[in-house]
Amino acid sequence: MQQFCCSCISRCSDVCSPRASLETERSCFHLYRLQRTEVLRAAIFRSAPEVFLPLELLAAAVREAAPELSDDEVSQVCRLAFVVDRGSKLPCQAPAMCTEIDWDRVWQEDFSAVKEFFHACLEVRSSPESGRGVWAAGPLRVGELLVAERALGVAPEAELGPTLAKMQSDLAPLNWKRLNLMCDGEELPTFADAVPLPAWPSQAYPLCPEQYSPEHAISVRRMSRIVDLNAYRCASPVSEYAFMDGEPQRSEQERHESYGVFPLASLFNHACTPNMSKVLLKDWVLLRAAREIEAGEELTQFYCDIRMPVEMRQKELQDLFGFLCGCQRCRFELLLQKTEQDLEPWRRLYSSEVPGFHQKLGPIQVSQLEGLVCEAETAARRSFKSFKREQSDAAESWLLWPLVPAFQQLAARLRLDGRRAESMEFWKRAESFARAVVPLSNIHLHIHAEMLLTKCSKELLEESLRMVAAAFGGGSAVWQRLFGFRMTREVAELADVCSSSLMPEPSPIHYQWARSANGTSELLTLWSTAFERQSEIVVDVSPEVVIVSAPGALQQTVRCHFKARVDSILTKFSKRRRCLTLHIPMEPDSASEKSQRRSLCTPSAHKLPQKGGMLHGEDAYSYGHLLERLENDKKDFHPLNLRERGPAADMCRYIDQRLQAQGFVSLASAMQDAEVLRADILLDRLLNYLPQPIRQEDQRVVENMLRLGRPLRDGMLDAAEFCQRFELLARNGAVAGREPVAPVSPSRSARDTRLQLREKVRLPSAWLACPRSWASRMLGRNRGRPQGPASREPPVAPPPAPPDGPPGPSQDAAQRPAGDDRAQ
Ligand SMILES: C[S@@+](CC[C@H](N)C(=O)[O-])C[C@H]1O[C@@H](n2cnc3c(N)ncnc32)[C@H](O)[C@@H]1O
């Protein structure tokens, strides 16, 4: 039975061409009735039981979404849906493509060695907001080639639709099929036995019997619509990427000269802070990862000039592509506009060099420009500070990014005037904001090269070479071609020397333990961007330790908390997820001991109180609010403040005692040395150790303690960091059988103590700034600690032994000596 995918309803319908004339728009019934096809699509998504569904169910969903439509109109909408296509793997996987290609030849426009390529870790999925898109199935490292694709056809923009329509009869079956990826399928006949799109393109690609036939031809009108939504401007001359003075001036006509259609590359959705870099050379497009990408992240590119202010971006995307961008950056900018501070000086310089949108600065004195830039930056930073809503660290860079052209202009003028140090400062700032918004883009690399031209250092040069390799593929030959020719001979020669000694940075190997269903074995999952093939991964296992290494990876040593049976370990490797799973059986005695211990700390051994009651404005039992704060890119992470440290330290000691009573060496071992954990799981585990029923103030202290670990994405927390700090608070880092972290001799001052702490556990500086009495009391309270200045502090009673409960704030206050800073 045919299946239809409601995600693509708006994709390339004849009826809703945003570029079409007003008359056409008026005749478009759903634009006319519902204003925007996006609205209709979202409504259909909400009513549809599934993304992929038979025609009758789709029609029912459309009826429910838009009851005002007549039957004819409903079937018209249904015809716009994408017929889900069986199949579709592109036979174009080229392993190790990134390293085997001579990229210098590619930059000389010789593509003979390049094959079409779609990275094995990519997954095509659908989302209600943006239709199909591409997600990472496994981790991706910066600079990895994700897609190399040759255009199906290249022609001046206006002629591309007719050209493609004409040439479709000559397309090879695969290309014909690729072209069809970009249509809604309405005019195409059956692709029987549909499969859901998420399986695409990893399945074998069966050559379809439904190759081109004249009655299935795509009309010129439809083809033009495909071009409107999907074409890229291509065949850029190398000069556009090379380091020239200013942008090459091109006439409007030239700009529309060569457009190409790339069906695979156009599956990637838009974001205003994309995570891919894009190079268009001749009739090829090359997409690479521009940031470290984790499994599960969507891969995005940009469709419009993302230097424009948010309203302009939204308008252009709406006009040309039929959607309103809802990315984090757009949301932030829209919010900022509403809660408007005095941003006028910033607005005056917003993208001051973007053709068509800016107010040109015109001839202006350097000192005047300095004043304007300073005023604009101050206004932006001030308004960011007073912006009430919590924002991620990146948001400040998004706000300052529109000033980059002004920074560049000023930096160039200062350099001309011989004020190199000041010039460098502005280049650096421009570079950091460009990195936050469009990493490894042409703009970013150019600004970086300007830094090099202003003041060359070996570090900067090495960074430039690394960036060129990550964004453009090549080694020093490509760097010389694009940037080196503008540098002095010494710098160019130094680049050759540097590039020969430049080693790629090794990737870390991450791991996580999980228990198997039968309880007699453990699953150890390891993943790394360096995992390419199972045959290259070396695993050494002893009953206590697993050591894993792979080419290009940092060796990882994982301690087992049970006795492993090394003779019967099973392994499973997923290339797509870059993940190796070890199924490690336990020795029988180890298994029973472990299950005994587990039962002491599993949530089932402990009953959470009934949901209810708000705690400081947060829902105490769902943790939703807390997790939301943690998920937001570090924004809520800060070390405990002075007032919180005392109760937190007492709580750590209390939990630590309970752990020891249960036979655990440390919290880390109770957490099975997990490097990352979900924050709610960690919280749940910690609460298990409190006496029942849990008092609200105790719970609050434990919730606060979560701040000891850095929040990561998706509600995860840096568990290793958490345990390290927990141990530091509980017993100065001393784990049974190990030396304490910071032993202090009687002659050492508190400052030395703090320095030692810094060396060992790298605490944030705010911690290190804690007053002497606190630091020394912390040291003085530890069991088995070496005697130091802390022991001269007034004695502090140990927390009450379990099960009487952890010390509450009142107890803590009772022990507090007069003048104690914690009371502040
Ligand atoms: C080049 S296509 C991208 C692939 C497309 N999502 C699909 O299903 O085939 C462009 C279309 O994708 C959708 N799109 C892309 N980025 C989007 C975003 N950030 N939000 C909403 N829709 C988006 C819009 O409908 C746009 O016209």
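First listed ligand is number 1; within each ligand, the first listed atom is number 1.
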Contact region, F321 to ligand 1, non-hydrogen atoms below 4.0 Å, reads both
Would the distance check show the side chain of E149 and the main-chain N or O of L264 forming a donor-acceptor pair, the cut-off being under 3.5 Å? yes
Can a donor-acceptor pair be found, under 3.5 Å and without considering hydrogens, that links the side chain of R329 to the backbone of C272? yes
Residue part near ligand 1, for N269, under 4.0 Å between non-hydrogen atoms: both
Residues forming a salt bridge (Lys or Arg N to Asp or Glu O under 4.0 Å) with K315, sequence neighbours excluded: D319
Run down the list A271, G326, S266 and name the one with the heavy atom closest to atom 1 (C) of ligand 1. S266
If the cut-off is 4.0 Å to any non-hydrogen atom of N230, which atoms of ligand 1 fall inside it? 1 (C), 2 (S)
Going by side chain to side chain contact (heavy atoms under 4.5 Å, CB included), name the residues that satisfy it together with T163, two or more places apart in sequence or in a different chain. A155, E159, M167
